[in-house]
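Chain letters run A, B, ... following the sequence lines, proteins first and then strands; every chain starts at 1. From a predicted model like this one, the values you see are computed outputs, not experimental measurements.
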Amino acid sequence: MTSTVNPSTADPTTANTSPANASPANAEARPDPHAPAAGDLAQLLSPDGERGAHPLLDDWAGDIDDTRLAGLYRDMLLVRRIDAAGVALQRQGQLGLWAPAEGQEAVQIGITRACHDDDFFFTSYRELGVLVARGARPADLVLGWRGEVFGTFDPYDLHVATPQIIIGAQTLHAVGYAMGVQRDGGDQVAVACFGDGATSQGDVSEAMVFAASFGAPVVFVCSNNQWAISEPVGLQSHLPLAGRAPGFGIPSVRVDGNDVIACTAAMRWALDHARSGRGPAYIEAVTYRLGPHTTSDDPTRYRSADEVALWRTRDPLLRVAGVLRERGLLEAAEAEAEQAAAEFTAGMRRAALEATTRPPLAVLDDVYAEPHTGIDRQREQFSAYLEGFADDEEGTR
Amino acid sequence: MTSTVNPSTADPTTANTSPANASPANAEARPDPHAPAAGDLAQLLSPDGERGAHPLLDDWAGDIDDTRLAGLYRDMLLVRRIDAAGVALQRQGQLGLWAPAEGQEAVQIGITRACHDDDFFFTSYRELGVLVARGARPADLVLGWRGEVFGTFDPYDLHVATPQIIIGAQTLHAVGYAMGVQRDGGDQVAVACFGDGATSQGDVSEAMVFAASFGAPVVFVCSNNQWAISEPVGLQSHLPLAGRAPGFGIPSVRVDGNDVIACTAAMRWALDHARSGRGPAYIEAVTYRLGPHTTSDDPTRYRSADEVALWRTRDPLLRVAGVLRERGLLEAAEAEAEQAAAEFTAGMRRAALEATTRPPLAVLDDVYAEPHTGIDRQREQFSAYLEGFADDEEGTR
Amino acid sequence: MTELTLAKALTAGLGQALADDDRVLVMGEDVGALGGVFRITDGLQSRFGATRVVDTPLAESAIVGTAVGLAMRGFRPVVEIQFDGFVYPAFDQIVCQVAKLHYRTRGAVKMPLTIRIPWAGGVGAAEHHSESPEAYFVHTAGLRVVAVSNPQDAYTMLRQAIASDDPVVFFEPKRLYHSKGEVDLDADIADAAPLGVARVVRRGTDVTLVTYGAQVQVALDAATAAEDEGVSIEVIDLRSLSPVDYRTVTASVRSTGRLVVAHEAAREAGVGAEIIASVTEQCFEYLEAAPQRVTGFDIPYPPAKLERHHLPDLDRILDAVDRVLGRGHRAGVTS
Amino acid sequence: MTELTLAKALTAGLGQALADDDRVLVMGEDVGALGGVFRITDGLQSRFGATRVVDTPLAESAIVGTAVGLAMRGFRPVVEIQFDGFVYPAFDQIVCQVAKLHYRTRGAVKMPLTIRIPWAGGVGAAEHHSESPEAYFVHTAGLRVVAVSNPQDAYTMLRQAIASDDPVVFFEPKRLYHSKGEVDLDADIADAAPLGVARVVRRGTDVTLVTYGAQVQVALDAATAAEDEGVSIEVIDLRSLSPVDYRTVTASVRSTGRLVVAHEAAREAGVGAEIIASVTEQCFEYLEAAPQRVTGFDIPYPPAKLERHHLPDLDRILDAVDRVLGRGHRAGVTS
Ligand SMILES: Cc1ncc(C[n+]2csc(CCOP(=O)(O)OP(=O)(O)O)c2C)c(N)n1
Ligand SMILES: Cc1ncc(C[n+]2csc(CCOP(=O)(O)OP(=O)(O)O)c2C)c(N)n1
Ligand SMILES: [Mg+2]
Ligand SMILES: [Mg+2]
């Protein structure tokens with residue numbers, strides 16, 4: 001129970017050191033015997049393409065054969081291409097902003113592919129792969145970031161809530177949704193996706209409290225991509241984030257987030273746990289944000305090129321490509337992905353170029369579900385105002 | 001990492017079962033191997049008065065001899081008498097409300113006596129013992145609950161912040177204060193006191209995040225008195241609350257909160273940890289609220305007489321009285337306490353009876369530290385208004 | 001008709017809503033066995049079970065945040081915030097999620113959430129137990145905000161709020177919990193005045209006095225007192241604070257030419273400011289004097305022993321009535 | 001005098017405050033190496049060290065709550081909230097602690113806390129990044145609320161806010177971060193206009209136009225445009241939203257007889273409502289027409305491509321000016 005101070009290590013997969021944080025008070029890691037060992041990172045496919053074993057996850061990966069792996073690769077590559085297209089569209093002024101997912105494809109595809117179609121996702125702004133794997137259309141990835149609308153798809157179609165910007169807020173929605181499933185006697189699981197930075201928000205801890213208290217069927221997926229904008233994960237926690245959940249009564253696993261097999265297996269374990277009535281489960285997927293926080297960000301101000309280069313060697317696509325190349329399956333998978341990507345990204349470009357901005361009065365739509373005298377008055381006034389311009393200027397406005 | 005379901009036990013000192021919570025989803029405890037064992041309750045003085053041993057706490061209790069124990073007993077008895085006087089004053093209509101501390105004297109006295117005078121307390125409304133041990137005057141315990149003022153003492157005099165009503169909010173203040181100590185190079189420790197219910201609030205988790213991140217010299221003291229108004233602790237957490245801290249990187253101990261020796265020792269351990277620059281520490285003191293939540297509460301609606309009777313056998317005063325009686329020290333300690341209590345409670349009564357309500361214009365005092373035109377205008381208007389009455393009615397208002 | 005306290009009328013309204021629609025849930029701190037600290041949920045857990053009347057862990061952000069998720073799953077949660085002063089930890093979820101989700105999703109996601117708040121002062125309570133935070137929610141587009149003043153409205157409007165597909169912040173004046181009135185428990189909520197409509201609770205010709213919640217009774221007392229002095233006050237119970245029923249309010253002001261607004265909440269950017277600004281915009285030419293506000297001061301809610309100086313009372317309302325009538329001042333000179 | 005952008009003026013103000021008083025701290029998300037997402041704290045961590053310019057974990061309630069504790073220990077924390085829409089998780093700490101501690105302790109505990117908020121819209125941002133939450137804080141007694149509109153005020157008022165023993169919510173219009181102006185970096189803050197004082201930024205005789213933040217520039221443009229049509233507008237930059245400098249505002253309205261208030265925030269119970277209600281109370285007899293508001297609609301802040309319809313612009317301000325002049329309507333007929 002007394003603390004023992006372990007030397008911190010340099011490899012961010014094994015401990016949350018704070019390389020960029022100069023405060024002396026933060027410099028020293030304080031591991032604790034109750035937390036999972038720092039090096040305890042579940043992996044089934046190493047960066048070198050070696051297939052490994054893991055006591056917990058093996059049970060959940062047996063059916064991931066080469067064909068299935070090729071399918072996962074196809075998905076990941078598709079996401080990467082779509083992501084690049086999003087960045088390009090932003091650079092070309094077609095989008096206001098884009099939050100790149102590059103480097104995080106394995107966790108996003110792995111967790112989504114492990115789910116039933118009607119398991120319900122509550123994600124942040126960065127879970128591009130979840131949207132793609134759930135069948136979002138090109139326009140869905142364009143119109144929001146372009147600033148035309150907030151909600152681009154009907155959450156009940158994709159079983160994905162509109163991506164959340166308020167850090168951590170969606171975790172509570174996921175728990176509430178799961179409480180609803182309990183009451184309906186349904187077999188769906190709610191999935192709460194969030195980042196390493198989000199773990200500091202009170203809402204995320206409260207979500208664990210409620211989920212544990214009610215034994216709600218929810219899976220927490222923390223994509224620890226090492227950074228919250230400019231803040232290294234070591235500033236949020238000196239210890240692995242997966243170690244927080246057990247104290248709340250939630251079993252957790254810390255998985256190599258760049259290993260799509262491990263991510264899939266971990267998610268299957270977690271889903272099974274939740275779906276079978278044993279309550280919430282928690283996954284920390286250790287990954288890396290290879291790109292900037294968003295297209296507005298300049299990561300050179302806070303992290304080294306060396307660090308990024310190191311993580312490029314751990315690229316989630318590379319290791320799968322290696323395996324597939326060996327098996328002679330790479331070319332076909334790539335061709336399929338590139339073909340899908342070409343179509344999808346062309347659709348994105350089209351969606352951007354053809355986007356029409358809604359008329360001014362649309363700002364007043366959908367504020368309320370039922371008639372509202374306040375909105376009615378403002379609509380009347382605004383429309384009279386606009387008509388005045390129409391009279392004056394023949395509708396140029 | 002997978003969860004194993006242990007049968008829940010009936011004794012609230014060993015597991016957070018939810019006797020009063022009928023929801024089936026809550027009924028099943030989900031202990032986890034990462035959390036401290038449920039039965040791991042540090043005790044140095046058993047309900048039967050047996051002096052026990054504990055690997056961690058023994059180091060910190062060696063000097064608590066019979067004389068010191070008599071002093072702690074005196075303090076606890078004094079607090080109990082003051083508490084009873086508060087309840088009585090409330091019943092007599094002298095106070096608007098009172099939050100009884102009965103049953104929690106050991107943790108309150110133990111932690112306060114372990115501190116340096118300039119360690120700074122941030123408490124809830126129930127830490128009567130902290131205030132008494134810190135030298136609060138009778139009026140300080142009366143005027144707030146009477147509704148005359150909020151802040152009855154200067155926090156910088158007692159080194160105790162004005163008791164907090166917003167559940168959990170004070171834990172962040174404690175961490176901030178501790179961050180200030182770090183910057184000053186001081187050797188003070190901030191102490192955050194809160195209840196079992198408070199552990200569910202986001203602020204309390206955020207306080208642990210910040211404390212761990214900055215290695216701030218703060219001690220968290222959770223007085224788990226089994227109930228948050230009508231909610232049993234098992235509704236907040238199926239697992240012991242002390243098990244949450246390690247996941248945040250904060251070493252913790254779960255102590256018998258009705259054992260004043262163990263509470264003192266645990267606090268000394270925690271203070272030493274924090275004071276020596278090793279960062280925050282966490283104590284869960286397992287105790288019981290023998291009385292109602294406040295004088296407005298009716299606990300018969302939600303808990304059984306049997307449960308209260310069981311806990312009366314664990315009364316923190318009884319076990320110390322037993323030891324002192326054996327040593328022939330009880331009578332003197334009791335006499336001393338009763339004498340002090342008689343004086344103090346007489347002072348409380350006097351403070352209540354002599355209390356004068358401040359004049360109407362006082363409502364406008366101290367809103368701002370510096371001149372403020374808005375307040376000035378309202379003061380002017382209100383004082384003119386009041387003068388109108390004075391003219392009319394010769395100042396009866 | 002049944003005579004009920006306002007508190008019991010709320011209990012009856014909740015019970016009816018739970019009975020009518022099994023998607024309705026009640027959740028909050030101590031709402032189960034205890035029946036809530038004000039006993040509004042008394043007996044509901046034993047009647048409807050612990051999965052429909054849910055004691056939650058102690059965290060307001062999570063109470064509202066999980067209610068959002070439940071609403072997304074098709075439930076109609078009724079959330080109890082234990083006291084007015086404890087709603088702030090949930091403010092982010094209310095402002096950024098509850099109020100915006102329908103807009104964010106272009107109507108795909110509805111938020112039929114009712115947030116009940118025991119509310120306001122005058123009961124000699126401790127700090128944070130007497131707050132009037134309604135203006136924060138009135139200023140937040142996407143929410144409906146109502147305040148009840150009598151048992152019948154408590155019963156009917158609570159059921160209407162629960163039936164509404166929009167989120168409703170529902171204020172219950174603690175001070176009136178024990179006041180009694182006749183309640184028609186069988187009335188169809190569709191036949192009752194809709195949620196957004198104000199009510200003229202006393203007709204008058206000289207001054208329009210607009211208020212809501214516990215102040216309605218104070219206003220009626222003031223009107224009675226004023227009558228003795230030959231002043232006829234029309235009293236309007238707003239009932240809905242957002243939207244405000246300006247049709248009813250301006251019709252009255254057009255006929256009286258004089259407006260006083262009373263509320264307990266602080267004055268700066270409060271509901272009174274909104275009403276005076278809107279009424280001035282909409283019927284300036286009818287105003288014969290500057291509209292007046294009678295409000296709490298711009299101070300934190302004061303200690304219980306001082307609260308009576310902070311709260312609008314009969315004298316302060318009559319003083320404002322005198323001012324709006326250009327009568328010099330009943331007592332003192334307010335500039 | 002030095003020409004600086006508003007952003008750089010803020011950086012200079014923070015640097016000066018940190019240099020002048022070693023009890024001043026800067027804290028928030030990404031304020032260290034990155035210099036904040038708007039680079040307002042650029043270079044400060046390398047200049048003053050990581051114990052004085054502190055990157056915090058990602059939790060706004062904790063940022064404000066620990067700042068409260070630091071203030072209790074005698075520090076003067078300057079907290080950065082990354083965007084306007086992220087202040088709500090800290091709302092409880094701001095409303096129940098920051099605003100009330102001085103009152104609660106009868107002055108024993110001071111709260112010299114400055115809460116900086118990059119603020120408001122017009123920059124094409126994502127949801128939650130363009131909010132105007134100022135009315136929530138104006139309605140909260142115990143806080144001072146200011147909004148800056150130019151580099152000199154940014155520099156001076158930030159230093160004054162930090163020097164104040166009261167908590168100050170400090171709004172910085174994002175839209176003006178890159179606008180430039182002359183700044184006297186050596187001026188003594190004691191010689192400058194105090195924090196609570198409004199400024200007449202353009203003299204005029206026909207209409208008083210009151211606004212703040214980025215809308216000051218829009219108002220000045222409107223005044224210029226109106227001049228061509230023979231209408232003389234007096235523009236007042238409020239600078240302080242709480243307290244409002246009613247001396248300056250009412251003096252102007254007494255001379256013009258006409259008032260327009262413009263802001264981006266929603267209308268219901270907004271700052272405009274407060275100003276119209278107070279001005280009407282204080283100088284009703286001078287008003288020649290109903291005061292008018294030009295505000296954002298009562299809607300969640302809309303998507304970026306639609307924001308220009310939501311925000312007051314030159315046309316909408318001139319439309320309101322026409323209305324207050326009884327000129328019929330420039331465009332359309334607003335009832
Ligand atoms: C409540 C809130 N505070 C601050 C922000 C600003 N913000 C946007 S993303 C971000 C970092 C999030 O980091 P993390 O949770 O690790 O997710 P990642 O972006 O790395 O995927 C911050 C601080 C926000 N969106 N919401
Ligand atoms: C934010 C907030 N929510 C709700 C309350 C109402 N309330 C007062 S005490 C209490 C229970 C607290 O339980 P616990 O933390 O265990 O402390 P105890 O009273 O048992 O000492 C509640 C819900 C409050 N004061 N603050
Ligand atoms: Mg991250
Ligand atoms: Mg308790």
Original post:
Going by distance alone, is a donor N or O of one side chain under 3.5 Å from an acceptor N or O of the other, for B:Asp203 and D:Gln93?
Top reply: yes

**OP:** Answer whether the closest heavy-atom distance between the side chains of B:Arg134 and B:Cys115 falls below 4.5 Å.
**Re:** yes

Subject >> Structural part of D:Arg23 lying under 4.5 Å from a heavy atom of chain B >> reply: side chain

Subject >> D:Thr114 and its side chain to side chain contact (heavy atoms under 4.5 Å, CB included) partner, picked from D:Val79, D:Val169, D:Leu14, D:Ile162 >> reply: D:Ile162

**OP:** Determine the option with the most heavy-atom pairs under 4.5 angstrom with chain D, choosing from B:Gly151, B:Pro155, B:Gly180, B:Ala216.
**Re:** B:Gly180

Original post:
Measuring heavy-atom distances to chain B, does D:Val54 have an atom under 4.5 Å in its side chain, in its backbone, in both, or in neither?
Top reply: side chain

Original post:
If you tally heavy-atom pairs under 4.5 Å against chain B, which of D:Lys100, D:Arg106, D:Arg52 wins?
Top reply: D:Arg106

Original post:
Can you say whether B:Thr162 sits under 4.5 Å from chain D via the side chain, the backbone, both, or neither, judging by heavy atoms?
Top reply: side chain

**OP:** Check each atom of D:Ala59 against the heavy atoms of chain B and say whether the ones under 4.5 Å are side chain, backbone, both or neither.
**Re:** both

**OP:** Tell me, for B:Val363 versus chain D, whether the close heavy atoms (under 4.5 Å) come from the side chain, the backbone, both or neither.
**Re:** both

Original post:
So B:Phe120 and B:Tyr177, would you call those rings parallel, tilted or perpendicular, with 30° and 60° as cut-offs?
Top reply: tilted

**OP:** Let me know if B:Asp365 has heavy atoms under 4.5 Å from chain D in its side chain, its backbone, both or neither.
**Re:** backbone

Subject >> Most contacts with chain D, counted as non-hydrogen pairs under 4.5 angstrom, among B:Thr373, B:Ile166, B:Ile165 >> reply: B:Ile166

**OP:** Please indicate whether D:Asp188 has more than 12 foreign heavy atoms, meaning atoms of other residues, nucleotides or ligands, lying under 6.0 Å from its CG.
**Re:** yes

Subject >> Proximity breakdown for B:Ala207 and chain D, heavy-atom pairs closer than 4.5 Å >> reply: neither

**OP:** Against chain D, label B:Gln188 side chain, backbone, both or neither, depending on which of its atoms sit under 4.5 Å from a heavy atom there.
**Re:** side chain

Original post:
With chain D, which of B:Val209, B:Val149, B:Ile375 has the greatest number of heavy-atom pairs at distances under 4.5 Å?
Top reply: B:Val149

**OP:** Specify whether B:Tyr385 and B:Phe382 have parallel, tilted or perpendicular ring planes, treating 30° as the upper limit for parallel and 60° as the lower limit for perpendicular.
**Re:** parallel

**OP:** May I ask you to name which of D:Pro167, D:Ala141, D:Gly142 has the most heavy-atom pairs under 4.5 Å with chain B?
**Re:** D:Gly142

Subject >> Mutual orientation of the aromatic rings belonging to D:Tyr212 and D:His263 [parallel < 30°, tilted 30-60°, perpendicular > 60°] >> reply: tilted

**OP:** Could you have a look at D:Cys96, D:Pro194, D:Ser164, D:Ala71 and say which one has the most heavy-atom pairs with chain B under 4.5 angstrom?
**Re:** D:Ser164

**OP:** Flag the pair B:Phe122 / B:Phe220 as yes when their ring centroid distance falls below 6.0 Å, and as no otherwise.
**Re:** no

Subject >> chain D contact via B:Tyr156 - which portion, at a heavy-atom distance below 4.5 Å >> reply: side chain

**OP:** Could you verify whether a donor N or O on one side chain and an acceptor N or O on the other, from D:Ser278 and D:Glu274, lie under 3.5 Å apart?
**Re:** yes

Original post:
For D:Ile63, is it the side chain, the backbone, both, or neither that has a heavy atom closer than 4.5 Å to a heavy atom of chain B?
Top reply: both

Original post:
D:Phe83 vs D:Phe86 aromatic rings, parallel, tilted or perpendicular, using cut-offs 30° and 60°?
Top reply: perpendicular

Original post:
Is there a donor in the side chain of B:Arg126 and an acceptor in the side chain of B:Ser124, or the other way round, less than 3.5 Å apart?
Top reply: no

**OP:** Tell me, for D:Ser240 versus chain B, whether the close heavy atoms (under 4.5 Å) come from the side chain, the backbone, both or neither.
**Re:** neither

Subject >> Cation-pi, B:Phe153 ring and B:Arg137 (6.0 angstrom, 45 degrees) >> reply: no

Original post:
Heavy-atom distance under 4.5 Å to chain B: side chain of D:Asp245, backbone, both or neither?
Top reply: neither

Original post:
If you count heavy-atom pairs under 4.5 Å with chain B, which of D:Ala62, D:Ala108, D:Pro112, D:Ser61 comes out on top?
Top reply: D:Ala62

Subject >> Engaged part of B:Val367 at the chain D interface, taking heavy atoms whose separation is under 4.5 Å >> reply: both

